Protein chains: 2
Amino acid sequence: MSEKDHSHDHAHHSHAEAKHRFLERLKGQGFKLTGKRQMIVSILLAEDRYISAKELLEQMQKTFPRLSFDTVYRNLHLLKVEGLIEESTFGDGGSKYRIACDTHDHHHHYICTLCGKTELVEGCPMDMLGITAPQGFKIESHRFEIFGQCADCHPV
Amino acid sequence: MSEKDHSHDHAHHSHAEAKHRFLERLKGQGFKLTGKRQMIVSILLAEDRYISAKELLEQMQKTFPRLSFDTVYRNLHLLKVEGLIEESTFGDGGSKYRIACDTHDHHHHYICTLCGKTELVEGCPMDMLGITAPQGFKIESHRFEIFGQCADCHPV
DNA sequence: ATCAATGCAAACCTTTTGCACGCGT
DNA sequence: ACGCGTGCAAAAGGTTTGCATTGAT
C-alpha cells in the first residue's frame, strides 16, 4: 500500500469514526438513524465546508430521487438544534451549513466565499478585545467571520 | 425656551442637518430626491437602529398609502450601494437596515436583538487580534457583531 | 421634455407546515 | 405495533422584476 493510499485510507477511517460519533449522539437523543439522516451527516463531513440546502438536496437526489427540500430542512433543523452543524448567511440566497467543529469548543472561521471552505481563526475577539458592553447591555452572543478567497479558489 | 425645549430643538437641528447631508450625497450622484426617498432617510435617521423593510413600509404607508415593498426595497438597495445605510441579518425573517454611521469610518456594533438599537464597539478584531490568514487566503471582508439586549429592552 | 422613480402584479427563492403514508425501533 | 420520519402539496415570507404611468429635474 503506497503512502498515498495509506493517507487516503486514514482519511476514510477518521471520517467513518466521526460519522459514527455524530450518529451515536443522535441515537442517544432518541432520534432514528434513517438513511437520509445518515447521508446528510456523511455529505457534510465529506465536504467539510459551508454548503447550501440546495447543494445538499442535489447530491442526495442522486441516491434518493424523490427527496425534497422539506426533509432536508427538517433534518438540518434537527442537526442544528442538536449542535451538530453550524449555519451562516454569507453570500446571497439564504443559509449555508457545515458540520460542527466538534474538537473545538468556541471558535470563529475564515470562510471562502467561493467554495465555503473554512479555516479556524486563532482566538476570539471577545477575549482579546477589551470588550466593555454599554451600560445595561446584556451580551448574549456574537458573530465574527472573516471572508475572502481560499488558496484553491483564487487565481494567483 | 426651557432647557428641555432647547435640547429637543437641538436634536431636530442635527437630524435635519444629517438628513440634508445624506440627501445632498444622493443628489450629487444624479438621483432624484423624491418624497419617498426623503422619508426613508428621515425614518432611518429618526429611528437610529436596525429596522426591517416591513417596519419601514408600515410607517411610510401612513403618509403614502399606496406605497408597496418594491419601492422600499429599490430605495434600500440604492441607499446600500451608495453606502448610506448598513444591512444586517440577525434574528429571523430577513434583513434589517440602519442609517450608516457616517462619522465613523470602520466600526462594529453591539446590537439589541429586541429593538435593533446599536452601540459602537471600541476597536476592531482585525487590528487587535494578531490575525494571520491561512496560506494563500485572500481576506476581503469581515463581520463582527455583538448581540444582546439593551438597557431599555431587558427587565432588570 | 427627458429619464428616473413608482405602482401594480406577478414571479422568484428559500423555508415552513398539514396531512396521510412509510419505515426504523 | 408504535411513533417518528418522509413525501407531497401548498403556503408563507422576504425580495425582485417587467411594464406602463407618474413625477422630479
Side-chain angles (χ1 to χ4, degrees), chain A residues 20 22-43 50-82 84-85 87-97 116, chain B residues 20 22-43 50-82 84-85 87-97 116:
Chain A
H20 187 260
F22 279 95
L23 294 180
E24 276 306 307
R25 189 135 150 220
L26 284 178
K27 206 172 178 178
Q29 299 288 97
F31 297 107
K32 298 179 179 172
L33 300 191
T34 66
K36 283 138 198 169
R37 198 160 278 167
Q38 294 186 43
M39 191 174 193
I40 290 186
V41 171
S42 269
I43 292 176
Y50 278 104
I51 62 178
S52 64
K54 195 180 171 203
E55 276 180 87
L56 213 37
L57 175 70
E58 284 163 357
Q59 276 202 49
M60 295 180 67
Q61 279 183 329
K62 292 170 191 162
T63 307
F64 304 104
R66 346 200 76 201
L67 181 70
S68 52
F69 275 117
D70 45 33
T71 299
V72 173
Y73 280 116
R74 275 190 275 235
N75 277 303
L76 285 173
H77 180 257
L78 168 65
L79 292 171
K80 194 188 166 190
V81 166
E82 291 300 313
L84 303 183
I85 61 175
E87 183 180 6
S88 185
T89 57
F90 62 92
D92 289 331
S95 292
K96 293 192 179 62
Y97 309 84
Chain B
H20 186 258
F22 280 94
L23 294 180
E24 276 305 308
R25 189 134 148 220
L26 285 178
K27 204 172 179 178
Q29 299 288 96
F31 297 108
K32 297 181 179 174
L33 301 191
T34 67
K36 283 138 200 169
R37 197 159 280 167
Q38 294 186 42
M39 191 175 194
I40 290 187
V41 171
S42 269
I43 292 177
Y50 277 104
I51 63 179
S52 64
K54 194 179 171 206
E55 277 180 87
L56 213 37
L57 175 69
E58 284 163 359
Q59 276 202 49
M60 294 180 68
Q61 279 182 330
K62 292 171 193 164
T63 307
F64 304 103
R66 346 201 75 200
L67 181 70
S68 52
F69 274 117
D70 45 31
T71 299
V72 172
Y73 280 115
R74 275 190 275 235
N75 276 303
L76 285 173
H77 181 257
L78 168 65
L79 291 171
K80 193 186 165 191
V81 167
E82 292 300 313
L84 303 183
I85 62 175
E87 184 181 5
S88 186
T89 56
F90 62 93
D92 290 329
S95 292
K96 294 192 179 60
Y97 309 84

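Below, chains carry the letters A, B, ... as their sequence lines are ordered, and counting in each starts from 1. Predicted model, so just to flag it, every value in this text is computed and none were measured.
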Can a cation-pi geometry be assigned to B/Lys80 and B/Tyr97, taking NZ or CZ under 6.0 Å from the six-membered ring centre and within 45° of the ring axis?
->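 Here B/Lys80 fails the 6.0 Å and 45° test against B/Tyr97.
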Sequence neighbours excluded, which residues qualify as salt bridge (Lys or Arg N to Asp or Glu O under 4.0 Å) partners of B/Lys27?
->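 Listed in chain order: nothing, the list is empty.
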[X] [atom1] to [N] [atom2], straight-line distance once rounded to whole Å:
| X | N | atom1 | atom2 | value |
| --- | --- | --- | --- | --- |
| B/Asp92 | D/dG14 | CG | C1' | 13 Å |
| B/Leu57 | D/dG13 | CG | P | 15 Å |
| A/Asn75 | D/dG5 | CG | C1' | 8 Å |

Partners meeting side chain to side chain contact (heavy atoms under 4.5 Å, CB included) with B/Lys96 (sequence neighbours left out) = B/Tyr50, B/Ser52, B/Phe90
For A/Ser95 and A/Thr89, the nearest pair of non-hydrogen atoms, with its separation, is OG-CG2, 3.7 Å
Measure across A/Ala53 and A/Val72 and return the closest heavy-atom pair with its distance rounded to 0.1 Å.
-> O-CG1, 4.0 Å
May I ask you to decide if [Y]'s main-chain N or O and [X]'s side chain share a donor-acceptor pair within less than 3.5 Å?
| X | Y | value |
| --- | --- | --- |
| B/Glu82 | B/Leu26 | no |
| B/Arg37 | B/Lys32 | yes |
| A/Gln61 | A/Arg66 | no |

Quick one: how far along DNA chain C does chain B reach, first to last nucleotide 5' to 3', anything under 4.0 Å to a heavy atom?
->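 For DNA chain C, the relevant span reads C/dC3 to C/dA9.
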What does the inter-axis angle of the helix from C/dA1-D/dT25 to C/dT25-D/dA1 come out as, five pairs per end, nearest 10 degrees?
->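 Both end axes considered, the difference amounts to 30°.
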Pairs satisfying salt bridge (Lys or Arg N to Asp or Glu O under 4.0 Å), at least one member in residues 54-63 of chain A, at least two apart | A/Arg49-A/Glu55
For each nucleotide in nucleotides 15-25 of chain D, reading 5' to 3', give B when a protein heavy atom comes within less than 4.0 Å of its base, S when such contact involves only the sugar-phosphate, and - otherwise.
-> BBBB----BBS
Distance, nearest 0.5 Å, that separates CD1 of B/Ile40 from CG of B/Leu84 |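 CG of B/Leu84 is found 11.5 Å from CD1 of B/Ile40.
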